[in-house]
*Asks:* 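Below is one structure. I have some questions about it.
Letters A, B, ... are given to chains in the order of the sequence lines, protein chains preceding strands, and every chain is numbered from 1.
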Number of protein chains: 2
Amino acid sequence: MPESLPRGPELDKRKAYILTTIVYEYIATAEPVGSATLTQKYNLGVSSATIRNEMAELEARGYLVQPHTSAGRVPSDTGYRTYVDRLMPTESLASEESDRLRIEFARAGRAIDEIVEQATRLLSQYSQNLAVVVAPSRDRQTFRHLQLIWLADRSVLMVAVTTAGVAEQHVIEPLVDVDPDELTRASNALNRSLSGKLLAELDRAAVADALAETEPPLHASLIDGIIAGFAHARRPEERRILFGGAQHLLDQPEFRDFKKLRSILDLVEEQRTLYNVVLDSIERGESTPSVRIGGELELEDVSECSLVAIPYRMGDRSLGVLAILGARRMPYGRMMALIAATADNLSQHLTDVELP
Amino acid sequence: MPESLPRGPELDKRKAYILTTIVYEYIATAEPVGSATLTQKYNLGVSSATIRNEMAELEARGYLVQPHTSAGRVPSDTGYRTYVDRLMPTESLASEESDRLRIEFARAGRAIDEIVEQATRLLSQYSQNLAVVVAPSRDRQTFRHLQLIWLADRSVLMVAVTTAGVAEQHVIEPLVDVDPDELTRASNALNRSLSGKLLAELDRAAVADALAETEPPLHASLIDGIIAGFAHARRPEERRILFGGAQHLLDQPEFRDFKKLRSILDLVEEQRTLYNVVLDSIERGESTPSVRIGGELELEDVSECSLVAIPYRMGDRSLGVLAILGARRMPYGRMMALIAATADNLSQHLTDVELP
DNA sequence: CTTAGCACTCACTTTCCCAGACTGCTAGCG
DNA sequence: CGCTAGCAGTCTGGGAAAGTGAGTGCTAAG
C-alpha cells in the first residue's frame, strides 16, 4: 500500500487546468486522453513530457484512471466530482434554446398529467439522455373540494379535488341506504372544515371532527368509507415514475455493451430502486441541481452512469423530482442548465394551472 | 425469372410436417435448421437427403429462406403465416399459470389506470417481450354524472364522471359571476338528460338541448365552457400508450444489433405509428388475437418483428387494445394463449369496477 | 421415390502479426 | 529544480491467413 497522497484543494493552477482539459476532451470524444493530444489541441505552453509527469501525479492522487498501460487517461469519480464542484464553468442555455423550450412547454394543455408528461418528453429530447420524472406527490397537495355523489342506495362515489385537480375517486358502499341530501350535507361539512389543508393532514381524526356536528349523524360505515377514500388518495408510497428517451442510451459508446444496457433497463423496469435514488439526490429545500457521479449512486452495475436531479414545485410546495440519467461522461454544465430551466418551466406551469 | 410455383394449400402431409418442425425448432434455438438436425431430433422416417429435396422445394415455394449457401433454413413470413394459420396446435395456458395470472391481477386496486398498468406489467412479464397497451378510449365510455363546482366568482370546476370513473376535470371561466345554486341546477339538468349516453355523443347540440329549459337561462359563456369541457374529455386522438418490458428485447439474439434495437425503441418513443399499427391489427369485433408477422406490419426497420394484438372491454364496449411486440421468431401459440387470457382478466376486472 | 456418397461452399474461429498510441524513465539543459 | 528530448517498452485493435465444420446440391444406384 503506497503512502496516501494528499487529496483535495491542493491542485495547483496547472494541474487544475490539465484536469479540466482532460474531462472536457473526454466528454467530447469518449476516447482516453493522451499527453500528445493535450499539447496539440490546447495551448499549455509546456511539452508533452511535462504533461505526462503531471498526469502521473493526478493519477496517483486519484483524479485520473488509466484503462490500460498504453492508453491515455480517463477521469475517475473524484476527477469528475472536482470538475463539477470547482473547475467547470457555469453554463446557461442559449436564449434561443430556452425560448424554444418555453414555447414547446406551452403546447401541453392544462391537465397536470399532460404537463408532467410533456416535461418528461422535453427533458429527454433536449438532454439526449434518459429522463426520469417522479410524478407529483399527492399528499403534498392542498385539498380543495369534496363531492359525494349518490350512485345507488348503497353506493356512493367520492370525488376529492385538490388545487392540482382531481386527486381521487373512490366508491363507498355503506351498510345502510343513504339519500342524496344527506350526502350534500356531509360534503358541505367536510368542505367547510377541511378545505385548504394538505391531503397528508386528512386523517381519521380530521374527518371525524369535521363530521361530528352533522345532524342527523352519518352512519359509521359511510364515515369509514370517506376516511378510507382519503387514505387511498394520500398513499405516498405509490408514486408513478415516468421515463422518456431510453433510445438515446444507444448513442453512447459506453452502452455498446448489452450487459450495461440491460442493467439500466432493468433499473427502469424496477422503479423502486430508482425512485429512492432520485429522491435521495434531492436535499430538502435545495433548488439547484444535484449531481451524483458513478459510484456515488451506490448502485451496482450502473457505475458508468451519473444522475442529475432537481425538484419541481406547485406554488411553494415541492411536488416531485426531475432527473437525467446518462453516461458518467455527460456534459454536466449543459445538463444542469437544462434541467434547471425545465424545472423552472414546469413549476411555473403547474403554479399557473393551480385552482384558486 | 423461374416459372412461379404453386403456393397455398397444396402442401402434402410430409411437407407440412417438415415446415412445422422447422418453425418449431427455429423458434426454440434461433439457429437455422439443417436437414441433419431434423432427421436426428425428429422422427421423420426418411433420410436427410430426402429432407433436403423437400426443403429445396419448400424454399422454391417461398416458405423457407436460406441465410447463406452453407446454412440451414429459416422460415419466411409466408412460412410463419402458414404455421400460425394452419399448422400450429392451439395452446392454452397451464392452469397453474393462469391461476397465478388471475391472482396477480387481483393485486391491482380498483382504479382504471392502475388496472391497465398492472395488465401491461403482467403481459410483459409473462410474455418476456415488449408489451404495448392502448389505454381506454374516453369517447366510448358512458357518461354517469356531472358536477359543476363553484371555485370563485368567475371560476367553475367541471368534473365529468363516467362509469369508468372520473374522465375529466376542466376549469371554466365564465364572463359573468355565477352562484353555486345556478351551478347545481345546471348540473342536475345535464345529469337528467345526458346520463347513460356515450361521451362521444355529448356534442354541442346535446348539451344545448339539455340546458334549454333551465330558468333563468345560463350565460352563454358558461354553456360554451361546458361544451368545451366535454369536447376535451372526448378527444379521441390523444390516447395514451403504455409500454413495459423493453429490456426483454435484449435477451433475443436477433436484437443483438444496435440498429434493430434502435428502430424498435424509436418506434416506442414515437407512439403515433405504433398506435396506428396496433389499432389496425384489430378487426372490428374480433375477440381472438390477431397476428401480424414481419413485413405484414408494413413498417420499415422492424421486419424482424411480429405483433400479437387483442382488444379488451368494459362491459360490452371495446375500450382499447393489448399487444405483444417481439421477435418474429416468437412462440406464437403461447403468446396468443397468454394475451387472450390477459385480455379476459382485464376485461373482467374493468367490468367489475364499472360504476352502476 | 428414396438414399448413400461426394464435392463444394461459405461463415465462423483461431492464430498470428504488425502498426500505432501511449507511457515511464533517463539524462541533459537552462 | 523544473522542463524537455529521446527512447525503450507495453498494450490494444485490426487485418490477413488458415483451418474447421455445418450444410447443401447433385448424381447414380437401389
*Asks:* It should be established whether A:R14 places a side-chain nitrogen or oxygen under 4.0 Å from OP1 or OP2 of nucleotide D:dC3.
*Replies:* yes

*Asks:* Assign each of A:E59 and B:V46 to its nearest nucleotide of DNA chain C by heavy atoms, then name whichever residue's nucleotide is nearer the 5' end.
*Replies:* B:V46

*Asks:* Could you tell me how far apart B:R52 (CZ) and D:dC26 (P) are, to the nearest whole angstrom?
*Replies:* 11 Å

*Asks:* Of the nucleotides D:dT4, C:dT23, C:dA4, which has the atom closest to the B:S47 side chain?
*Replies:* C:dA4

*Asks:* Mind calculating the distance between CD (A:Q66) and P (D:dC11) to the nearest angstrom?
*Replies:* 11 Å

*Asks:* Given atom NE2 of A:H68 and atom P of C:dT23, what is their separation to the nearest angstrom?
*Replies:* 11 Å

*Asks:* Applying salt bridge (charged side-chain N to carboxylate O under 4.0 Å, His left out), run through A:R81 and A:D85 and close with a yes or a no.
*Replies:* CA-CA 6 Å; A:R81 170 55 61 197; A:D85 287 349; 3.1 Å; yes

*Asks:* Atom CG of B:L38 and atom P of D:dA22: how far apart are they, to the nearest Å?
*Replies:* 16 Å

*Asks:* Quick one: is C:dC22 close enough that its OP1 or OP2 comes under 4.0 Å of any side-chain N or O from A:S70?
*Replies:* no

*Asks:* Rounded to the nearest angstrom, tell me the gap between atom NZ in A:K41 and atom P in C:dA21.
*Replies:* 14 Å

*Asks:* Select base, sugar-phosphate, or nothing to describe what B:S35 touches, counting heavy atoms under 4.0 Å on all strands.
*Replies:* sugar-phosphate

*Asks:* Between P on C:dT23 and CD1 on A:I18, what's the gap in Å once rounded to a whole number?
*Replies:* 12 Å

*Asks:* Can you measure A:E31 atom CD to C:dA21 atom P for me and round it to whole angstrom units?
*Replies:* 12 Å

*Asks:* May I ask you to say what A:T50 touches in the nucleic acid, namely base, sugar-phosphate or nothing, with a heavy-atom cut-off under 4.0 Å?
*Replies:* base

*Asks:* Starting at CG of B:L87, measure out to CG of B:L11 and round the result to the nearest 0.5 Å.
*Replies:* 7.0 Å

*Asks:* Under 4.0 Å between a side-chain N/O of A:T69 and OP1 or OP2 of D:dC11, yes or no?
*Replies:* yes

*Asks:* Could you give the distance from CD (B:E300) to CG (B:L267), rounded to the nearest 0.5 Å?
*Replies:* 11.5 Å

*Asks:* Whole angstrom is fine here: how far is it from CD in B:E57 over to P in D:dC26?
*Replies:* 13 Å

*Asks:* Start at the 5' end of DNA chain C and walk down; is the nucleotide closest to B:S48 or to B:P67 reached first?
*Replies:* B:S48

*Asks:* Taking the nucleotide of DNA chain D with the closest heavy atom to each, which residue, B:G72 or B:N53, is nearer the 5' end?
*Replies:* B:G72

*Asks:* Any chance you could lay out the ring pair (Phe, Tyr, Trp, His ring centres under 6.0 Å) test for A:Y26 and A:Y83, step after step, and finish with the verdict?
*Replies:* CA-CA 12 Å; A:Y26 183 60; A:Y83 176 76; over 10 Å; no

*Asks:* So, applying salt bridge (Lys or Arg N to Asp or Glu O under 4.0 Å) with A:E57, which one of A:R14, A:K15, A:R52 is it?
*Replies:* A:K15

*Asks:* Hey, is the side chain of A:R73 pairing donor to acceptor with the base of C:dG24 inside 3.5 Å?
*Replies:* no

